[in-house]
There are 2 protein chains.
Amino acid sequence: MRKAPRQARSREMVERIISAGRSVLVKDGYDAFSTNRVATAAGVSPGSLYQYFPNKTAILDVVIDRYWEQVAESVAASLADRIGGTGTNAVRDTVDALVAALEADPALLRVMAEELPVARNKSRRGVLEKRVSDLAAIYLAARPEASRRPSPAITAWVLVLSLEALATRWVLDQPPNLERDQLIEEMVALVMGYLQG
Amino acid sequence: MRKAPRQARSREMVERIISAGRSVLVKDGYDAFSTNRVATAAGVSPGSLYQYFPNKTAILDVVIDRYWEQVAESVAASLADRIGGTGTNAVRDTVDALVAALEADPALLRVMAEELPVARNKSRRGVLEKRVSDLAAIYLAARPEASRRPSPAITAWVLVLSLEALATRWVLDQPPNLERDQLIEEMVALVMGYLQG
DNA sequence: TGATGACGCGAGTATTTGCTCGTATTCAAT
DNA sequence: ATTGAATACGAGCAAATACTCGCGTCATCA
């Protein structure tokens, strides 16, 4: 941020810009994400935009941050709730929460996962993965009987990456002949089979 | 292709351009992939370049195609070889082949997987995934005792996506505390556990 | 109420870059 | 050897676009 908006008017404008950034991204795609277009969509002049954002990337970063933050928040919350639980049901609930979190805004997910160069996303996505991975590793370490795999950290890494890939692709591709319920069952089977040998 | 090179000289030039495209991509990154830069790297003028390629994208497409073609070829070949085999060893060999194929050119893989917008890759990667997925589905359908999962096609989809994600991330991130051998064992455990319940 | 500074504007600049076109050079068939 | 086609050149055009600057407006204080 180049400077902090002090008056209510300008704080509103900053919000309008971020929100316009999101909708330009969704409606016009990443390639069309230009400062002028964002400014127009926000009903603001380019000059005003540059009063609060140092460059184009800064706007994009805020949009990306907010998205992954929201996903991470809901997955981690659900996982933390279930961390006392045990067995298939806890796994199912967590997997469901992951799918639900990605289903929440498919249009933006598509941009994040397919149009944006992954490098732009990587650190933010890393935060999500690390957060979930750590929780899972703690769970596994605390319950040796839940897993026959040697290293909790590695086990968590394997599960998080696999499930993330499956959930993302399911949301984006909506494979025919694979209903949501069955997807969840497959993911649960993958997890339980891997853990139990 | 705008026109086919007829003389040996020009065929060589086309090859030089493609090869220069690859190395610009690897050395300078996707953002720096400009026609002028590719031309310079190839020791060729922009005008010459446009005699055989209609636009920038066409050059990029050839580079991308060649890469995934090569990966698909080696994975599919290995999988086809093992399709008569059975049990853990066949799985291990196939998984190993996947990791090996991605390890072959990590620098280019990084560009493909991280710098390029996924959309640019999707169709080519889809070919790889479909090819491997179909083979796996055929194998599973032919050996009901190998899997307790209901649908071979869905089972194959789950496995291909998971393994691809794991192998790619391992090659690119080289997670500490996860040696190649152990990665393979984790992947095998994931597959066998999922199939056998 | 008037003055100070935050705010907002939008035409304009500076740069990048995909691509073309007129010209020069080389090849290969006769 | 000649000639015409194929090839190669590279300066430069046109368009896109990230970003700036100087000026007018409004909010918030004394």
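Sequence lines set the chain letters: A, B, ... in the order given, protein chains first and strands last, and positions in each chain run from 1. Being a predicted model, the structure only gives us computed values, none of them experimental.
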* Asked: Which is true for Arg11(A) with a 4.0 Å heavy-atom rule: it touches a base, it touches only sugar-phosphate, or it touches nothing?
  -> nothing

* Taking atom P of dC19(C) as reference, at what distance in whole Å does atom CZ of Phe33(B) sit? -> 11 Å

* Which is true for Ser48(B) with a 4.0 Å heavy-atom rule: it touches a base, it touches only sugar-phosphate, or it touches nothing? -> base

* So how far is it from Thr94(A) OG1 to Leu135(A) CG, rounded to the nearest 0.5 Å? -> 9.5 Å

* Asked: Roughly how many Å is it from OH in Tyr50(B) to P in dC19(C), rounded to a whole number?
  -> 4 Å

* Could you pick out which residue, Gly47(B) or Arg9(B), lies toward the 5' side of DNA chain C when each is mapped onto its nearest nucleotide? => Gly47(B)

* To do: Using a heavy-atom cut-off of under 4.0 Å over every strand shown, decide if Phe53(A) touches base, sugar-phosphate, or nothing.
  => nothing

* **Rounded distance (Å) that lies between atom P of dT7(D) and atom CZ of Arg16(B)** => 14 Å

* Asked: What do you reckon, is CD of Glu179(A) surrounded by more than 12 foreign heavy atoms closer than 6.0 Å?
  -> no

* How about Tyr194(B) and Glu186(A): does a side-chain donor come under 3.5 Å of a side-chain acceptor? -> yes

* Measure the distance from CZ on Arg37(A) to P on dT17(D) and round it to the nearest whole Å. => 8 Å

* Asked: Between atom NZ in Lys56(A) and atom C1' in dT20(D), what is the gap in whole Å?
  -> 17 Å

* Asked: Mapping Asn36(B) and Arg6(B) onto DNA chain D by nearest heavy atom, which one lands closer to the 5' end?
  -> Arg6(B)

* Between atom CD in Gln51(B) and atom C1' in dG22(C), what is the gap in whole Å? -> 13 Å

* To do: Kindly check if the number of other-residue, nucleotide or ligand heavy atoms within 6.0 Å of NZ (Lys130(A)) is above 12?
  => no

* **Separation of atom CG in Asn55(A) from atom P in dT16(C), rounded to whole Å** => 16 Å

